[in-house]
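Counting starts at 1 for both ligands and their atoms, in listed order.
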Amino acid sequence: MSKSYLLAPSILSADFSNLAESIALIERKGGDLVHIDIMDGHFVPNLTIGPIVIESIRSKTKLPFDVHLMVDNPADYLEPFAKIGCEYITFHIEACVHAHRLVSRIHELGCRAGVSLVPSTPVSALEELLPIVDMVLVMSVNPGFGGQKLIPSCLDKVRELKKIQRNRGFSYIVSVDGGVNSETLPLVLDAGTDLVVSGSAFFSGVLEGF
Ligand code: DX5
Ligand code: ZN
């Protein structure tokens, strides 16, 4: 039976010494996109990788790349990731003033635009962006690290976003990122999530069904 949602395993929990094999694993286990966490040590207290490394794995798969920018100046990174061939580029609403311009720029570069919000940011902060974005990524942990516990109240935002989407005919998908495992997956799906991100549970093999 095919699943009713999209799965984007996060390579934050992959074996960084063998990313090609981790990508192959995502393909074998039926992942739909590859979620790539970019952290700058400013917006979040952790550092990961940048466009050079992502470029080196782009040729390893045809799966779309779902880039999650947890950086202070997202405008500086749109072009590098677009040039590599990343399908989705998602930035944080908390990291920028001119979010509308960022969405337009991502579209101009031929990519799909996502906007994300940390647990303390309400859906109302996205009011002006919802008609134009392709994805809303709801963080269900405070960003920066894999393996944290899902904050259940964040799922109310998924319900709210899906309701707005239906009522106003918007086309964005809703993604949930952080603390998704076999136990929390039913709750995440029940809220109406379209795209599920999973790092530690996916790569440790405990996300049931994968
Ligand atoms: C956290 C990242 C997530 C992370 C999720 O800041 O944005 O994508 O990889 O990891 P898990 O699934 O382990 O919570
Ligand atoms: Zn992420």
(Q) Could you tell me if the side chain of V197 sits less than 4.5 Å from the side chain of V180, heavy atoms only? (A) no

Q.
Please list the nearest protein heavy atom to atom 12 (O) of ligand 1 with its residue and the distance rounded to 0.1 Å.
A. G199 N, 2.8 Å

Q. For the Zn ion (ligand 2), which N, O or S atom of H68 is at the shortest distance?
A. ND1

(Q) Evaluate V141 for polar contact with ligand 1, using N/O atom pairs at a separation under 3.5 Å. (A) no

(Q) Checking a contact table here: which protein heavy atom is nearest atom 14 (O) of ligand 1, and how many Å away? (A) G179 N, 2.8 Å

Q | Nearest to the Zn ion (ligand 2) - the N/O/S atom of D37, by atom name | A | OD1

Q | Per-atom contacts of ligand 1 with G178, taking only distances under 4.0 Å to non-hydrogen atoms | A | 14 (O)

Q. Taking all non-hydrogen atoms of both residues, which atom of A191 and which atom of K162 are closest, and how far apart?
A. O-CG, 4.2 Å

Q | Contact atoms of ligand 1, heavy-atom distance to F145 under 4.0 Å | A | 1 (C), 6 (O)

(Q) Is the ring pair H92/H68 parallel, tilted or perpendicular, if the boundaries are 30 and 60 degrees? (A) parallel

Q) Which ligand 1 atoms are under 4.0 Å away from a heavy-atom of G147? A) 11 (P), 13 (O), 14 (O)

**Q.** Distance-only N or O hit between ligand 1 and G144, under 3.5 Å
**A.** yes

(Q) Polar contacts were defined as any N/O atom of the residue lying under 3.5 Å from an N/O atom of the ligand; does this apply to M139 and ligand 1? (A) no

Q. Is any side-chain heavy atom of I54 closer than 4.5 Å to a side-chain heavy atom of F65?
A. yes

Q. Got the closest protein heavy atom to atom 5 (C) of ligand 1, with its distance?
A. D177 OD1, 3.5 Å

Q: Under 4.0 Å from a heavy atom of G146: give me the atoms of ligand 1 that qualify, with their elements.
A: 10 (O), 13 (O)

Q | Donor + acceptor pair across side chains of N73, H42 (<3.5 Å) | A | no

Q.
Using a 4.0 Å heavy-atom cut-off, which part of S10 comes near ligand 1: side chain, backbone, both, or neither?
A. side chain

Q.
Checking side chain to side chain contact (heavy atoms under 4.5 Å, CB included) between V196 and each of D32, L189, L6, which is the one that passes?
A. L189

Q.
Taking 4.0 angstrom as the limit and counting only heavy atoms of M70, give me the atoms of ligand 1 inside it, by number and element.
A. 6 (O), 7 (O)

Q. Would you say H68 has any N or O atom under 3.5 Å from an N or O of ligand 1, going by distance alone?
A. yes

**Q.** Side chains of V133 and L126 in contact at under 4.5 Å (non-hydrogen atoms)
**A.** no

Q | Residues R28 and E21 bridged, charged N to O under 4.0 Å | A | yes

Q: Report the part of F202 in contact with ligand 1, treating N, CA, C, O as backbone and CB onward as side chain, heavy atoms under 4.0 Å; options are side chain, backbone, both, neither.
A: neither

Q.
Nearest 0.5 angstrom please: T90 OG1 to I38 CD1, how far?
A. 11.5 Å

Q) Going by distance only, is there an N or O of S200 that falls short of 3.5 Å from an N or O of ligand 1? A) yes

Q. Can you name the nearest heavy-atom pair linking K157 to V138, along with the distance?
A. CB-CG1, 4.4 Å

Q. Are the side chains of V103 and F91 in touch, meaning some heavy atoms are under 4.5 Å apart?
A. yes

Q: Please determine if R105 and E79 form a salt bridge, counting it only when a charged side-chain N lies under 4.0 Å from a carboxylate O.
A: yes

Q: Find, among atoms of D177 that are N, O or S, the one nearest to the Zn ion (ligand 2), and state its name.
A: OD2

Q.
Distance under 4.0 Å to a non-hydrogen atom of S198: what atoms of ligand 1 satisfy this?
A. 12 (O)

Q) If you count the atoms of ligand 1 from 1 in the order shown, which ones are under 4.0 Å from a heavy atom of H35? A) 8 (O)

**Q.** Spatial distance of atom CG (L25) from atom CZ (F203) [nearest 0.5 Å]
**A.** 6.0 Å

**Q.** Atom indices of ligand 1 within 4.0 angstrom of P143 heavy atoms, with elements
**A.** 6 (O)

